[in-house]
Amino acid sequence: MKSRLITEYELIPEKVAVSETLYHTANGYIGVRGCFEEGVPSGVKSIRGTYINAFYDTEKLHYEERYTGFPDYSQCMLKVVDAQSIKLFIDDEEFSMFEGELVSYKRILDAENGMVERVVQWKSPAGKEIELTVKRMVSFSQKEAFLTSYHVKCLNFKGLLKIVSSITSQVSNMSAEHDPRLGTSGGNRLLVKKISQSGNISSLECQTRNSGLTSICSMSNKLDTASESIVTDTDNSISETFELHVEAGSSVTLEKFVTYTDSVRYEDPFKDNISINQSIQSAGFKKMVALQKQYLDEFWNHSDITIKGNDDIQNGIRYNMYQLLQSASNDMYSNIAAKGLSGEGYEGHYFWDTETYIYPFFLFTNPDLARNLLMFRYNTLNGARRRAREMAHPKGALFPWRTINGDECSAYFPSGTAQYHINTDVAHAVTQYWQVTNDHEFMADYGAEMLFEAARVMYDIGLYRRDGKFVINEVTGPDEYTACVNNNYYTNLSTKHLFEHCGNVLKLLKDLYPKALKKLAAKIDLDDDEVPGFQKAASAMYLPFDEELQVHPQDDAFLDRKVWDIANTPKDKFPLLLHYHPLHIYRHQVCKQPDTVLAHFLFENNTPLDIVQNDYYYYEKITTHDSSLSTCIFSIMASRIGDEKRAYNYFTQTARLDLDNIQGNTDHGIHTAAMGGMWMAVVFGFAGMRIVNGELTFRPNIPSEWKQIDFNITFRRRQLRISASKTAITVKLLKGEAINVFVDGDMIELQPEEVTA
Ligand code: BGC
């Protein structure tokens, strides 16, 4: 039931911060953690926060030993004005669920209506009882809007009710010295520039300390009962206070309308903010909810996956898809942060997570949004060019390993800048987009430029060895427990694919878009022999293989390292990165996440299945899954090699990764890559979907635990519905022209008359 995706019935103080993540509300532009309006007592851990995607501050990075090419500045997604606060007073008593008696408590994430609802029955220490129903929503139809409906029912008393609704810039980012997954430069970096009032709208205009960005937060409040209100402000907050006399049995509802705008996207963020606030006020909460539902009906119609046979998993799947939607930017200024807009882990940075793990979900369910995600990379191409020069590459572009504004900001190069595969990952998303949509124009206008520029850097870091093989040295592959190696299998294989695609794209441009090619060649100074050079390197690409073990070594030296004894490592020493010096880890055969196994999934290369299988079991033994990007890929590849038990086990760990706080750090935010990986594990894993030579193919391997799975995908402007059980699969054409698909190698012709929608 999407209307009750997850529900909590108990208030557990130790779990408050995790629940704030799980119940956050976001729309790709703003994200509000699920904090209680009234706050929590000081002993309870809460991470109160509201974020705007790509609204960031910079801080000078301090290195005791600073070498050339080290990034100068860190970037950090900044907490913006907090507008969650609504305090309630009954006579002299302040409402807090942590005092008096919490008679009942319930919080629901409703993914059909796109809101979070909290229903509380509370008895004050003096015995006054209320029922509180709070609904909050970050709007998909009006991305700047955060709305709250705050309904109080007075159960057994008459007296004075006071409601104080506020916004404040008194917010501080988190920091942690000993956890590299959090930033080190927290604190308050939001400076108030102006406090203003226009009509019933109060606004705080703030500026970041260093990046010079501005954001505006405005609020207006409406009470359904006639009452005077007083607006007061301090140097960093504005409050509106309502006081009214109530009778037992009476109710009152406050509607709070909050709008955010920023100088990244708006020419006049203040003016736009006020006019959006006025328009959502006149629409009212109810209308905004109706629009939200309309938006989500469309979303679920394109994306839903239904599973018959396990409700917990079903919920996990829907929860994850909903979170992906909440996290994904729909404009060209921002992307998808590793934690979405739910928290400050990884400082709001964008990684390869987007292209490699999350991208397929959008590509096959919402190709327009997928296109936008690529446009973010295109728009930051100049930064990537600058970065390439800093790294001594005379031509081409090197995408940043972690970034918000397009500049590299990873301070630890062995598992940062050294991950040159970011270039092949972005390129892979571009070519996937091309294959799935057939959008040749995108390729001619933007894609080719990204591919050629990315390829130039990969070509520059490679060389022909004495035996004629093209090799790539001194890079880090996806597995961050191994760094700065020669011939990382993943990097070499993905580069080979990139080089080959450059050839295909050049042909496309020559055949269909000669003018665009001419323009591009002039713009980036492309020599006639460059792309043929890439193609030659692709054919000569060295892919390490160990004849004796019949496996692909992760890199040249990998098999010569000591094997880490995972079984005898105490449980409290995981994740290893928090307990051992990186060099100690690097000296071992131990993987944080799939590398070679991931390469087999993303870049199927006619590798015989028995070798894929050997690699799977070899690397499984030495993988800790310390990264949340791990189990989904092990599930997909277990499906590929026909190991149903493992496929299902790894899948269950992925599907409920945040709901069950499996990584132990959900309080820092959701794990968006794992959520995208979960979608892939259903579609690419269990349904065995692939695109082979431009055709859609299926090789289903549905777990015995499930009676049936159903999902929709969009492929080349058709909408298809796939229904599969252990023994049968049907593919229906819901919309669009006839198309052939392949199931277990057999061609099926789908005709438009089979439309069933
Ligand atoms: C993983 C990276 C990932 C990053 C952000 C790290 O733990 O090793 O592959 O990009 O998290 O999710």
Side-chain angles (χ1 to χ4, degrees), residues 21 75-77 176 179-183 320 323-324 327-328 335-359 377 399-404 408-426 428-429 475-485 488 490-491 494 554 574-580 582 585-586 590-599 601-602 619 622-634 654 657-658 662-666 668-678 680:
T21 298
Q75 299 157 33
C76 153
M77 178 170 79
D179 188 341
R181 298 166 302 179
L182 286 169
N320 291 346
Q323 297 309 331
L324 289 174
S327 308
N335 200 271
I336 304 175
K339 306 284 177 189
L341 297 167
S342 67
E344 285 155 60
Y346 289 119
E347 297 176 272
H349 292 165
Y350 315 132
F351 292 77
W352 72 312
D353 302 32
T354 301
E355 281 79 12
T356 307
Y357 283 77
I358 305 169
Y359 195 70
R377 293 293 186 183
F399 287 103
W401 176 247
R402 42 195 298 176
T403 190
I404 295 179
E408 176 65 271
C409 67
S410 90
Y412 182 63
F413 77 84
S415 52
T417 296
Q419 297 201 49
Y420 269 67
H421 66 87
I422 181 72
N423 263 18
T424 62
D425 303 327
V426 172
H428 185 59
V475 295
T476 298
D479 165 36
E480 294 190 348
Y481 283 172
T482 315
C484 298
V485 296
N488 166 249
Y490 178 99
T491 306
S494 60
Q554 195 168 296
F574 294 96
L576 302 182
L577 68 102
L578 296 186
H579 304 278
Y580 300 91
I585 300 176
Y586 299 161
V590 63
C591 302
K592 184 181 182 189
Q593 62 205 100
D595 195 304
T596 308
V597 173
L598 178 64
F601 163 49
L602 293 177
Y619 288 102
I622 51 170
T623 300
T624 61
H625 308 293
D626 282 350
S627 163
S628 65
L629 279 63
S630 196
T631 49
C632 51
I633 305 302
F634 275 92
T654 305
L657 190 119
D658 281 312
I662 290 176
Q663 294 279 321
N665 64 351
T666 293
H668 299 167
I670 55 170
H671 296 77
T672 55
M675 291 171 162
M678 176 224 67
M680 295 200 290

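These numbers come from the heavy atoms of this one structure, side chains and all, not from hydrogens, waters or symmetry mates. All ligand and atom numbering here is 1-based and tracks the order in the structure.
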Fill in: Nitrogen or oxygen atoms of E480 and ligand 1 under 3.5 Å apart
yes
List every atom of ligand 1 that sits less than 4.0 Å from any heavy atom of [X], numbering the atoms from 1 in the order shown and giving each element.
X    : value
L629 : 3 (C), 9 (O), 12 (O)
W352 : 2 (C), 3 (C), 9 (O), 10 (O)
K592 : 1 (C), 6 (C), 7 (O), 8 (O)

Practice prompt. Evaluate whether atom OH of Y586 has more than 12 neighbouring non-hydrogen atoms of other residues, nucleotides or ligands under 6.0 angstrom away.
Written response: yes
Item to complete: Would you check if there is a donor-acceptor pair between the side chains of Y490 and D425 at a distance under 3.5 Å?
Response: yes
Discussion item. Regarding Y481 and D626, do their side chains bring together a donor and an acceptor under 3.5 Å, going by distance alone?
Written reply: yes
Practice prompt. Please name the pair of heavy atoms, one in R402 and one in S410, separated by the smallest distance, quoted to 0.1 Å.
Written response: CG-CB, 3.2 Å
Worksheet item: Among Y357, Y346, W401, Y350, which residue places a heavy atom closest to atom 4 (C) of ligand 1?
Response: Y346
Fill in: Residue that, paired with D658, satisfies side chain to side chain contact (heavy atoms under 4.5 Å, CB included) out of I670, T21, N320, N665
I670
